[in-house]
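Below: the structure, in structure tokens.
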Amino acid sequence: MNLRPLHDRVIVKRLENETKTASGIVIPDNAAEKPDQGEVLAVGPGKKNDKGEVIALNVKVGDRVLFGKYSGQTVKVHGDELLVMKEDDLFAVVEK
């Protein structure tokens with residue numbers, strides 16, 4: 001990856017939503033909502049506190065995370081659509 005996030009930012013790749021309901025109905029692309037889950041591809045070094053000490057982030061590369069539908073800034077890298085967002089924009093880590 002050619003992106004290295006700064007401070008308390010993370011790079012997230014959206015995970016694809018299911019295109020079929022449990023009953024077998026296919027959802028067309030234009031009716032599907034943006035996925036609100038993604039995989040963390042890169043993390044910044046952390047945020048500085050009042051004393052100037054760097055506080056490491058709580059997420060790591062490979063974590064599956066939940067975030068708001070409109071969170072982050074979308075960027076394209078090598079044809080992939082990625083999100084750059086602050087760690088504060090993340091809601092939770094999905095445990096496997």
Side-chain angles (χ1 to χ4, degrees):
M1 163 167 312
N2 296 339
L3 288 179
R4 182 175 51 93
L6 301 175
H7 308 295
D8 63 336
R9 289 189 168 62
V10 296
I11 309 289
V12 176
K13 182 173 184 175
R14 284 186 195 270
L15 296 175
E16 296 300 320
N17 271 350
E18 293 292 324
T19 57
K20 199 183 280 190
T21 65
S23 61
I25 297 172
V26 176
I27 302 170
D29 288 340
N30 58 356
E33 293 187 16
K34 287 183 179 182
D36 56 0
Q37 288 189 37
E39 180 183 355
V40 176
L41 299 180
V43 297
K47 190 183 209 178
K48 287 188 179 183
N49 63 14
D50 296 337
K51 298 177 184 175
E53 302 164 340
V54 176
I55 301 170
L57 301 181
N58 292 317
V59 296
K60 61 186 182 308
V61 173
D63 280 350
R64 188 175 191 161
V65 293
L66 297 177
F67 50 86
K69 211 180 281 191
Y70 303 106
S71 296
Q73 178 66 43
T74 304
V75 295
K76 280 204 172 207
V77 178
H78 302 297
D80 289 331
E81 197 170 278
L82 305 175
L83 290 168
V84 179
M85 64 180 74
K86 287 190 169 204
E87 184 185 35
D88 292 344
D89 293 338
L90 301 175
F91 297 149
V93 175
V94 179
E95 300 291 337
K96 296 178 184 177

**Asked** With K60, which residues qualify under side-chain hydrogen bond (donor to acceptor under 3.5 Å, both in side chains), at least two apart?
**Response** D63
Looking only at heavy atoms, which two atoms of [X] and [Y] are closest? And how far apart?
X: L83; Y: S71; answer: CD2-O, 3.8 Å
X: F67; Y: F91; answer: C-CE1, 3.4 Å
X: L6; Y: P45; answer: C-CD, 4.2 Å
X: R9; Y: L57; answer: O-CD1, 4.0 Å

**Message:** Less than 4.5 Å apart, side chain to side chain, heavy atoms only: is that true for V75 and L3?
**Reply:** yes
**Asked** Between K13 and D80, is any pair of side-chain heavy atoms under 4.5 Å apart?
**Response** yes
**Message:** Assigning hydrophobic clusters by single linkage (Ile, Leu, Val, Met, Phe, Trp, Tyr; side-chain heavy-atom cutoff under 4.5 Å), is V65 placed with V94?
**Reply:** no
**Request:** Say whether L90 and V93 are linked into one hydrophobic cluster, either directly or through other cluster members, by side-chain heavy-atom distances under 4.5 angstrom.
**Result:** yes
**Message:** Once rounded to the nearest 0.5 Å, what's the spacing between atom CD of E95 and atom CZ of R64?
**Reply:** 12.0 Å
**Asked** To the nearest 0.5 Å, how far apart are CG in L66 and CG in D36?
**Response** 6.0 Å
**Message:** Using the side chain to side chain contact (heavy atoms under 4.5 Å, CB included) definition, which of the options V10, D8, T74 pairs with M85?
**Reply:** V10
**Prompt:** Who pairs with Q73 by side-chain contact (heavy atoms from CB on, under 4.5 Å), at least two apart in sequence or on another chain?
**Reply:** none
**Message:** N49: which residues meet the side-chain contact (heavy atoms from CB on, under 4.5 Å) condition with it, sequence neighbours left out?
**Reply:** K51, E53, I55
**Message:** Could you walk me through whether E87 and V40 satisfy the side chain to side chain contact (heavy atoms under 4.5 Å, CB included) test, starting with their C-alpha distance in whole Å, then the side-chain angles of each, then the deciding distance to 0.1 Å, before giving a yes or no?
**Reply:** CA-CA 11 Å; E87 184 185 35; V40 176; over 6 Å; no
**Message:** Assess, by modelled atom type and distance only, whether the side chains of Q37 and R14 contain a donor and an acceptor separated by less than 3.5 Å.
**Reply:** no
